[in-house]
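Just so you know, these numbers come straight off a predicted model, no measurement behind them. Computed from heavy atoms alone, side chains included, the values below leave out hydrogens, waters and symmetry copies.
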Amino acid sequence: RLLRIWKRIEHQLPHWHLQLVGDGPDRDALHALAQELGLKQVSFEGATATPQRYYDKASIVCLTSPEESWGLSLTEGQAHGCICVSFECSAGVKEILSPHGENGFMVTPFNDEEYANTLLHICNMPSEEQHAIRLNAIKRCENYAPAVILEKWRQLIEAVAKQ
């Protein structure tokens, strides 16, 4: 899906490059699709034990899964100051990226045209606006720090124990 979305906008973003990180059984088919689509600004980085090096260099993290209960790549991207884009496909995605446009961007599920337009919007927005979203995203990740999550679990367990 992301390769087809990128095909819609690649020619409008000559200074941008799509990197796909990861591996799997569809790798050869994805390479073939990228070639079939004539994509020039895309690379397949393969599996890595150190994804943070990609997050550190990335501007945008794209999640195009039609179903994603909790997009870990979104929170990892936000922690590294990336602007994240995902289909609005679950409560988890809404939790991570809300409010829309402030901590990231949500797109109507399966709407590839809207997804492409959202990427264009982000790529063309002033750097000050991008920077503000990046800072909001980093701040948002504080909600998922281990100490914060442990405290929520402690409160839940205590509440259940009192019943």
Side-chain angles (χ1 to χ4, degrees), residues 1-13 15-27 29-30 33-34 37 39 41-45 47-48 51-52 54-146 148-149 151-153 156:
R1 172 165 271 128
L2 186 55
L3 291 175
R4 292 187 192 285
I5 291 168
W6 186 244
K7 174 64 177 171
R8 293 172 180 256
I9 60 174
E10 180 184 57
H11 65 283
Q12 296 175 65
L13 299 170
H15 302 295
W16 288 80
H17 186 86
L18 175 64
Q19 289 184 304
L20 298 168
V21 180
D23 209 351
D26 295 329
R27 181 183 176 103
L30 293 173
L33 178 59
L37 294 172
L39 298 176
Q41 296 155 219
V42 63
S43 61
F44 293 85
E45 303 300 319
T48 180
Q52 64 271 15
Y54 291 98
Y55 288 123
D56 286 342
K57 293 179 182 177
S59 297
I60 301 170
V61 169
C62 298
L63 182 63
T64 56
S65 301
E67 298 174 0
E68 193 72 44
S69 59
W70 186 267
L72 189 56
S73 62
L74 298 176
T75 55
E76 289 174 344
Q78 284 182 325
H80 287 82
C82 298
I83 298 173
C84 296
V85 181
S86 176
F87 288 120
E88 188 177 355
C89 59
S90 70
V93 168
K94 290 177 191 176
E95 170 70 24
I96 295 166
L97 297 181
S98 290
H100 172 78
E102 214 171 282
N103 297 303
F105 293 83
M106 293 176 283
V107 176
T108 306
F110 309 111
N111 191 330
D112 292 356
E113 184 175 349
E114 181 184 347
Y115 204 110
N117 289 335
T118 299
L119 288 175
L120 276 175
H121 171 71
I122 295 166
C123 293
N124 291 317
M125 68 175 46
S127 59
E128 300 81 25
E129 195 174 337
Q130 287 181 0
H131 184 71
I133 296 169
R134 293 177 202 288
L135 291 178
N136 290 341
I138 291 168
K139 181 103 174 114
R140 179 73 165 185
C141 283
E142 292 173 6
N143 294 336
Y144 315 119
V148 173
I149 299 301
E151 178 59 22
K152 288 181 180 183
W153 273 108
L156 176 64

**Report entry** Working for side chain to side chain contact (heavy atoms under 4.5 Å, CB included), residues Lys152 and Val148
**Finding:** CA-CA 6 Å; Lys152 288 181 180 183; Val148 173; 4.1 Å; yes
Side chain to side chain, [X] and [Y], heavy atoms closer than 4.5 Å:
X: Gln41; Y: Leu18; answer: no
X: Leu13; Y: Leu120; answer: yes
X: Trp6; Y: Leu39; answer: yes
X: Tyr115; Y: Thr108; answer: no
X: Ile5; Y: Thr64; answer: yes
X: Leu97; Y: Ser86; answer: yes
X: Leu119; Y: Phe105; answer: no
X: Glu10; Y: Trp16; answer: no

Any donor-acceptor pair under 3.5 Å linking the side chain of [X] with the backbone of [Y]?
X: His80; Y: Asp56; answer: no
X: Thr75; Y: Leu72; answer: yes
X: Gln130; Y: Ile122; answer: yes

Please report the closest heavy-atom contact between [X] and [Y], naming both atoms and the distance.
X: Ala137; Y: Cys82; value: CB-O, 4.1 Å
X: Leu37; Y: Leu3; value: CD1-O, 3.8 Å
X: Arg140; Y: Asn103; value: CB-OD1, 3.8 Å
X: Cys89; Y: Pro66; value: CB-O, 3.2 Å
X: Cys141; Y: Ala79; value: SG-N, 3.3 Å
X: Arg27; Y: Gly22; value: NH1-O, 4.0 Å

Just verifying a value: how many Å separate [X] [atom1] and [Y] [atom2], rounded to the nearest 0.5 Å?
X: Ile83; Y: Ile60; atom1: CD1; atom2: CD1; answer: 6.0 Å
X: Leu63; Y: Ser73; atom1: CG; atom2: OG; answer: 4.5 Å
X: Lys139; Y: Asn136; atom1: NZ; atom2: CG; answer: 10.0 Å
X: Tyr54; Y: Thr48; atom1: OH; atom2: OG1; answer: 5.5 Å
X: Glu68; Y: Ser90; atom1: CD; atom2: OG; answer: 7.0 Å
X: Gln19; Y: Cys62; atom1: CD; atom2: SG; answer: 12.0 Å

Query raised in the report: Can you list the steps and then say if Ser43 with Glu45 is a side chain to side chain donor-acceptor pair (under 3.5 Å)?
Result: CA-CA 6 Å; Ser43 61; Glu45 303 300 319; 2.6 Å; yes
Report task. Count the heavy atoms belonging to other residues, nucleotides or ligands that lie under 6.0 Å from NE2 of His131, then report whether that count exceeds 12. Result -> no
Query raised in the report: Got more than 12 heavy atoms from elsewhere within 6.0 Å of CZ, Arg4?
Result: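 No.
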Report task. Test Phe87 against Glu67 for side chain to side chain contact (heavy atoms under 4.5 Å, CB included), laying out the working first. Result -> CA-CA 8 Å; Phe87 288 120; Glu67 298 174 0; over 6 Å; no
Query raised in the report: Is there any salt bridge (Lys or Arg N to Asp or Glu O under 4.0 Å) pair reaching into residues 107-136, and which pairs are they, with sequence neighbours excluded?
Result: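 Listed by first then second residue: Arg1-Asp112.
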**Report entry** Glu76-Tyr55 side chain donor-acceptor pair, cut-off 3.5 Å
**Finding:**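 Short answer, yes.
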Requested in this report: Go through Val85 and Val61 one step at a time and tell me if the side chain to side chain contact (heavy atoms under 4.5 Å, CB included) criterion holds.
Outcome: CA-CA 6 Å; Val85 181; Val61 169; over 6 Å; no
Requested in this report: Output, in order, the C-alpha distance, side-chain angles, deciding distance and verdict of side chain to side chain contact (heavy atoms under 4.5 Å, CB included) for Phe44 and Asp23.
Outcome: CA-CA 9 Å; Phe44 293 85; Asp23 209 351; over 6 Å; no
